[in-house]
Amino acid sequence: MSTALKLATWNVNSLTVRLPHVLDWLNSQRPDVLCLQETKQEDSKFPYAALAEAGFNAVHNGQKTYNGVAIISPHPIAQVQFDIPGFVDAQKRIVAATIGGIRVVSAYVVNGQSVDSDKYQYKLQWLAALQDWLAAELKQHDRLAVLGDYNIAPDDTDCHDPAAWEGQVLVSPPEREAFQRLLDLGFHDSFRLFNKEAGQFSWWDYRMAAFRRNMGMRIDHILVSEALRSHCLDCIIDKAPRKLERPSDHTPVMLTLGI
DNA sequence: ATGGTTGTTAAACAA
C-alpha cells in the first residue's frame with residue numbers, strides 16, 4: 001500500500017502581498033509540503049494563524065524587506081534547521097526540516113545580479129557552502145529533497161533565448177557547473193525525470209509581457225536524493241497562479257512521490 | 001529600443 005506525497009516550491013515575491021494566492025493554492029492542491037522563498041517579512045509578520053486556520057503548520061526563517069524562506073505542511077515539522085551551518089550569512093535563505101520521514105530543504109539561492117558584481121561572487125561562495133552542507137545532510141538523510149529558487153537555468157532548454165542570455169547571470173557556466181556539482185552529490189532534477197521539452201519555465205520577468213510571450217526561465221527546482229528517485233511519480237509546473245491578478249513572477253513546481 | 005515591472009520603503013535597491 002503506498003501513499004502519494006506532494007512536495008512543492010514557490011517563490012512568492014512577498015508573502016504579505018501573495019498570502020491570498022498561497023492560501024487558495026494550499027486549499028486547492030493540499031500539498032504535503034510547500035516551500036516558500038522571498039517571504040520578505042520578519043518572523044513576527046509571518047501568517048502562522050491564517051495557515052493554522054487552513055490546517056497547516058509552518059516554520060519560517062525571515063527578515064525584513066529581502067529573502068526569507070518557509071516550509072508549510074499539514075504534518076508535524078521536526079528537526080528544524082535555520083541557515084547553512086558554519087556559513088556566516090546575514091541573509092535568510094535556508095530552512096530545513098524533517099516531515100514524514102523525508103528531509104526537506106527550502107532554499108533561496110542568491111540571484112547574483114550580474115556576473116561582474118560582488119553579488120555574483122557571493123552567489124558562487126554561497127553555492128559552494130550549500131554543496132558542502134548538502135553532502136553532509138545526505139550522509140544523515142537518505143530521503144532528502146532540496147526545493148527552491150536556485151536562480152540557475154541548468155540547460156539552454158531552460159532558457160527562452162539562450163543566445164541573448166549567453167554568459168549572463170542565471171545561465172553563466174560557473175553557476176551551471178555549481179548546479180552540476182549538486183547533481184554530482186547524487187541528486188536528480190525531478191522535473192527532468194518526466195519532461196524533456198524545452199520552453200518549460202517557472203519564472204517570467206514582470207516586464208515586456210514576458211509571461212504572455214513565454215519569455216521565461218526554469219530556475220525553480222526540486223532536487224531529490226537517489227533514495228527518493230524511484231519514488232517520483234510526477235513533477236509539474238503549475239502555471240495557473242502566474243495568470244492571476246497581481247501574481248508572483250514565479251509559479252509553483254510540484255513533485256508527487258509514491259512512498 | 002540598453003527599454004520595461006513589481007515590491008519594499010520612502011530615493012533607491014533588488015529581482
Side-chain angles (χ1 to χ4, degrees), chain A residues 9-25 34-47 50 60-70 83 89-95 106-127 130 147-154 158-172 174-176 178-179 201-221 237-253:
Chain A
T9 183
W10 191 2
N11 179 325
V12 291
N13 187 20
S14 169
L15 185 55
T16 306
V17 173
R18 232 65 66 192
L19 181 60
H21 289 185
V22 171
L23 290 172
D24 286 349
W25 197 82
L34 174 60
C35 294
L36 301 182
Q37 299 85 38
E38 286 207 89
T39 57
K40 296 187 175 180
Q41 59 193 184
E42 292 178 303
D43 194 48
S44 62
K45 307 280 190 187
F46 189 82
H60 178 233
N61 188 16
Q63 66 186 99
K64 195 176 180 180
T65 311
Y66 305 117
N67 311 309
V69 287
D83 307 318
D89 191 355
Q91 304 192 9
K92 302 302 189 183
R93 297 180 173 278
I94 288 285
V95 63
S106 180
Y108 177 45
V109 176
V110 178
N111 173 284
Q113 197 164 64
S114 67
V115 294
D116 57 0
S117 159
D118 289 345
K119 296 187 182 76
Y120 182 74
Q121 295 306 316
Y122 166 51
K123 180 177 196 173
L124 297 180
Q125 289 161 12
W126 195 94
L127 284 163
L130 178 71
L147 302 88
D149 176 0
Y150 285 73
N151 271 313
I152 300 170
D158 301 313
C159 174
H160 69 95
D161 189 345
W165 278 83
E166 187 173 2
Q168 296 195 61
V169 75
L170 307 187
V171 305
S172 71
E175 298 165 65
R176 286 178 164 175
F179 187 83
F201 306 134
S202 64
W203 167 81
W204 301 261
D205 198 294
Y206 285 123
R207 295 165 287 189
M208 298 176 73
F211 181 64
R212 179 176 59 72
R213 300 157 70 191
N214 200 30
M215 295 170 62
M217 303 271 243
R218 193 177 68 90
I219 56 176
D220 300 272
H221 309 297
I237 296 170
D238 180 8
K239 289 169 75 170
R242 189 64 176 79
K243 300 173 184 174
L244 299 172
E245 287 294 317
R246 227 181 160 192
S248 170
D249 46 352
H250 297 249
T251 211
V253 180

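Lettering of chains follows the sequences in order, A, B, ..., and the numbering in each one begins at 1. For clarity, every value in this text was computed on a predicted model and none was experimentally measured.
Here, B/dT9 and B/dC13 have their C1' atoms 10 Å apart, quoted to the whole Å. Spacing of C1' atoms, B/dG4 relative to B/dA14, comes out at 16 Å, to the nearest Å. To the nearest whole angstrom, the two P atoms, one in B/dG7 and one in B/dG3, are 22 Å apart.
In this structure, the side chains of A/Met217 and A/Val171 come closer than 4.5 Å at one or more pairs of heavy atoms. Taking the side chain as every heavy atom from C-beta outward, A/Arg213 and A/Met208 approach each other to under 4.5 Å.
In this entry the distance linking CZ of A/Arg242 with P of B/dT5 reads 13 Å, nearest Å. Here the P atom of nucleotide B/dG7 and the CG atom of A/Asp205 are 13 Å apart, to the nearest Å. For A/Tyr66 and B/dC13, the OH to P distance is 9 Å, given to the nearest whole Å. Rounded to an integer number of Å, the gap from CG of A/Leu170 to P of B/dA15 is 11 Å. B/dG7 atom C1' lies 13 Å from atom CG of A/Leu15, rounded to whole Å. One atom, CG of A/Asn13, and another, P of B/dA14, lie 15 Å apart when rounded to the nearest Å. Atoms CD (A/Glu245) and P (B/dT6) sit 11 Å apart, rounded to a whole Å. B/dA14 atom P lies 14 Å from atom CZ of A/Arg207, rounded to whole Å.
Relative to the side chain of A/Thr65, the nucleotides B/dA14, B/dG7, B/dT8 differ in distance, and B/dT8 lies closest. Comparing B/dA15, B/dT8, B/dT6 by their nearest atom to the side chain of A/Val17 picks out B/dT8. Listed nucleotides B/dT9, B/dA14, B/dG7 differ in distance to A/Arg246; the shortest reach to its side chain belongs to B/dG7. If you check B/dT9, B/dA14, B/dG7 against the side chain of A/Lys64, the one that comes closest is B/dT9.
Along DNA chain B, the nucleotide closest to A/Ser14 and the one closest to A/Val110 are compared, and the more 5′ of them pairs with A/Ser14. Toward the 5' end of DNA chain B, the nearer of the two residues A/Asp249 and A/Thr16, judged by each one's closest nucleotide, is A/Thr16.
A donor-acceptor contact under 3.5 angstrom links the side chains of A/Asp89 and A/Trp126, judged on distance only.
Closest of all the heavy-atom pairs between A/Glu38 and A/Tyr108 is CD-OH, 3.2 Å.
The aromatic rings of A/Trp165 and A/Trp203 lie perpendicular to each other, with more than 60° between the two planes, well past the 30° mark.
Among the atoms of the strands shown, none is found under 4.0 Å from any heavy atom of A/Phe211.
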